[in-house]
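Source: prediction; values computed, not measured.
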Amino acid sequence: MRDKIAIIGLGYVGLPLARLFATKFSVIGFDINQKRINELQNGIDTTLEIEDEVLKKVLLPNNSGDIGLFCTYNLEEIKDSNYYIVTVPTPVDKHNRPDLTPLYKASETVGRVLKKGDIVIYESTVYPGVTEEECVPVLERISGLQFNVDFYVGYSPERINPGDKEHTVEKILKITSGSTPEIGKKIDSLYKNIITAGTHLAPTIKVAEAAKVIENSQRDINIAFVNELAKIFNLLEIDTHAVLEAAGTKWNFLPFKPGLVGGHCIGVDPYYLAQKAQEKGYHPEIILAGRRLNDSMGEYVASQVVKLMIKKGINVNTATVLMLGITFKENCPDVRNTKIVDVVSSLNEYGITVTIYDPWANPQEVKHEYNIESSNVLPTEKYDAVVLGVAHKEFLSINFDNLCKVNHIIYDVKGNLGDKSTSRL
């Protein structure tokens with residue numbers, strides 16, 4: 001029987017993977033968002049991860065079983081698959097505790113169609129043990145089948161960088177693993193069909209889970225370090241970026257820059273590892289210290305902007321600020337866990353009126369996620385302060401004279417404006 005793959009979740013991770021697998025296999029893309037499915041079947045990807053013409057090349061008009069991609073929200077359409085790959089988000093709640101709800105629901109979905117011999121692969125970021133200790137029991141309960149007898153599982157963490165057109169799925173080395181050595185090799189072989197960068201078969205699922213969760217934890221800690229340096233050097237009235245440029249002349253100095261750390265991975269993954277450590281009675285100090293510092297940067301940026309306004313003699317209570325960007329990173333429409341909202345919230349607490357302009361973000365999505373207004377249209381008013389929160393390419397050529405009052409400040413969070421800014425993080 002020819003392999004048929006069902007991808008569960010067609011967001012920033014699932015769709016690129018489904019599109020790539022569809023060049024070699026019969027693929028069913030499943031998502032509970034009917035609007036999203038209708039858009040995809042019409043060849044439109046609102047996440048901008050896949051160009052419409054590229055998507056249309058692999059789309060199938062129906063579930064024919066041919067090589068290509070058919071997207072659906074109908075559970076019946078995926079039941080004849082023999083591989084189920086789960087790519088749903090794994091967020092944290094308001095207390096920064098892992099929220100496995102999407103993973104449980106996706107496991108229940110797969111469990112309803114699971115058959116003997118099927119393999120379920122998880123790509124969502126989790127702490128070590130989630131696949132076998134949390135997801136497998138759901139699959140067994142819903143399907144009535146026995147793990148490692150009737151069905152098998154694997155874990156192959158996603159490494160997609162939203163908005164990155166250079167490091168696409170096939171160009172990023174893939175970690176693979178399986179619930180038995182034989183299944184591990186089978187899953188590894190499956191991914192080798194599409195991953196040109198190669199694969200690394202981990203000895204166990206827990207090793208693969210742990211490898212994923214420390215990748216972003218390491219990056220988070222490194223950024224926290226340079227964020228702390230920025231706070232220190234600002235007090236010493238030293239240009240942080242100049243310091244980092246000088247230090248970077250040494251061959252083994254790591255090139256990290258200060259900034260706001262958001263998104264669905266770096267700002268979330270360390271909490272997953274910390275949660276598991278605390279369950280075992282260990283309180284992680286460095287990991288959580290890095291998180292606390294990075295989580296504080298939105299408020300810090302706002303306080304720096306206010307201090308600069310006061311020095312300029314600008315009345316803070318009646319001040320207006322234009323925030324350039326609301327997404328979590330540049331040249332990408334993804335607003336998940338963006339820390340720009342922390343800056344906006346803190347500025348509002350000072351009585352400042354903030355206008356948000358972002359040509360990439362969907363205003364309806366921003367309103368739904370954060371209950372704040374944003375616009376895709378550059379305003380015509382002039383502001384007391386302009387804050388570059390996200391380094392979208394469109395912002396680098398803006399004429400700031402048209403946006404700023406005579407007495408103003410331009411604060412550059414990303415350090416990309418050069419001499420155009422009056423101050424930077």
Side-chain angles (χ1 to χ4, degrees), residues 11-12 15-16 44-55 160-169 171-172 219 223 226 240-241 244-245 255-267 297-298 301 305 321-341 343-344 354-366 369-370 372-383 385-404 408-425:
Y12 285 88
L15 181 65
I44 300 169
D45 173 28
T46 55
T47 68
L48 307 182
E49 288 300 299
I50 305 295
E51 294 178 3
D52 292 350
E53 290 307 311
V54 173
L55 177 59
I160 288 176
N161 186 22
D164 190 338
K165 302 306 179 185
E166 180 182 353
H167 301 97
T168 50
V169 187
K171 297 176 184 176
I172 304 171
R219 185 169 175 79
I223 297 173
V226 294
T240 303
H241 292 266
L244 294 174
E245 183 180 358
F256 287 91
K257 292 183 179 181
L260 301 171
V261 185
H264 68 298
C265 284
I266 300 178
M297 289 306 291
V301 167
V305 171
V321 170
L322 175 62
M323 176 62 70
L324 296 178
I326 186 68
T327 62
F328 92 88
K329 64 176 291 188
E330 65 274 6
N331 307 322
C332 173
D334 195 349
V335 299
R336 291 176 296 173
N337 196 33
T338 174
K339 294 304 176 182
I340 298 296
V341 296
V343 183
V344 173
V354 182
T355 299
I356 301 170
Y357 164 59
D358 193 316
W360 287 80
N362 183 323
Q364 288 76 33
E365 187 177 351
V366 174
E369 289 290 327
Y370 305 107
I372 57 178
E373 303 292 336
S374 65
S375 175
N376 296 133
V377 180
L378 184 66
T380 56
E381 294 87 357
K382 290 182 182 288
Y383 297 86
V386 176
V387 179
L388 178 75
V390 187
H392 292 319
K393 57 188 178 184
E394 290 86 351
F395 297 158
L396 304 183
S397 58
I398 280 181
N399 185 343
F400 287 91
D401 292 337
N402 296 334
L403 297 172
C404 299
H408 69 272
I409 67 164
I410 300 174
Y411 190 85
D412 185 2
V413 174
K414 301 297 290 184
N416 284 24
L417 292 178
D419 294 337
K420 293 180 182 179
S421 66
T422 53
S423 186
R424 59 183 179 177
L425 179 60

Enter the distance from [X]:[atom1] to [Y]:[atom2] here, rounded to the nearest 0.5 Å.
| X | Y | atom1 | atom2 | answer |
| --- | --- | --- | --- | --- |
| Ile340 | Phe328 | CD1 | CZ | 11.5 Å |
| Arg336 | Glu369 | CZ | CD | 9.5 Å |
| Ile44 | Ile50 | CD1 | CD1 | 14.5 Å |
| Met323 | Ile356 | CE | CD1 | 7.0 Å |

Has the side chain of [X] got a donor or acceptor atom that lies under 3.5 Å from a matching backbone atom of [Y]?
| X | Y | answer |
| --- | --- | --- |
| Asn331 | His392 | no |
| Thr338 | Ile326 | yes |
| Lys257 | Ile223 | no |
| Lys165 | Glu49 | yes |
| His241 | Leu425 | yes |
| Tyr370 | Val335 | yes |
| Thr355 | Leu322 | no |
| Tyr12 | Asp334 | yes |
| Asn376 | Asp358 | yes |

Worksheet item: How about Trp360 and Glu330: does a side-chain donor come under 3.5 Å of a side-chain acceptor?
Response: no
Worksheet item: Do Tyr411 and Leu388 pass the side chain to side chain contact (heavy atoms under 4.5 Å, CB included) test, and can you show the C-alpha distance, the side-chain angles, and the key distance before you say yes or no?
Response: CA-CA 6 Å; Tyr411 190 85; Leu388 178 75; over 6 Å; no
Of all heavy-atom pairs between [X] and [Y], which one has the smallest distance, and what is that distance?
| X | Y | value |
| --- | --- | --- |
| Ala391 | Asn416 | CB-ND2, 3.3 Å |
| Pro16 | Gly11 | CD-O, 3.7 Å |
| Gly298 | Leu260 | N-CD2, 3.7 Å |
| Tyr383 | Val321 | CD2-C, 3.8 Å |
| Val386 | Cys404 | CG2-SG, 3.7 Å |

Fill in: From CA spacing to verdict: side chain to side chain contact (heavy atoms under 4.5 Å, CB included), Leu378, Asn402
CA-CA 10 Å; Leu378 184 66; Asn402 296 334; over 6 Å; no
Taking only residues two or more places apart in sequence, or in another chain, which ones meet [X] in a salt bridge (charged side-chain N to carboxylate O under 4.0 Å, His left out)?
| X | value |
| --- | --- |
| Asp412 | none |
| Lys329 | none |
| Arg424 | Asp239 |

Discussion item. Would Ile172 and His167 count as a side chain to side chain contact (heavy atoms under 4.5 Å, CB included) here? Give the steps.
Written reply: CA-CA 6 Å; Ile172 304 171; His167 301 97; 4.3 Å; yes
Item to complete: Kindly check if the number of other-residue, nucleotide or ligand heavy atoms within 6.0 Å of NZ (Lys420) is above 12?
Response: yes
Worksheet item: Given the rule in the side chain to side chain contact (heavy atoms under 4.5 Å, CB included) test, do Val387 and Ile409 qualify, once you have shown the distances and angles that lead to the verdict?
Response: CA-CA 8 Å; Val387 179; Ile409 67 164; over 6 Å; no
For the residue pair [X] and [Y], establish whether any side-chain heavy-atom pair is separated by less than 4.5 Å.
| X | Y | answer |
| --- | --- | --- |
| Leu403 | Lys382 | no |
| Cys332 | Thr327 | no |
| Glu394 | Pro359 | yes |
| Val390 | Leu324 | no |
| Ile372 | Val341 | yes |

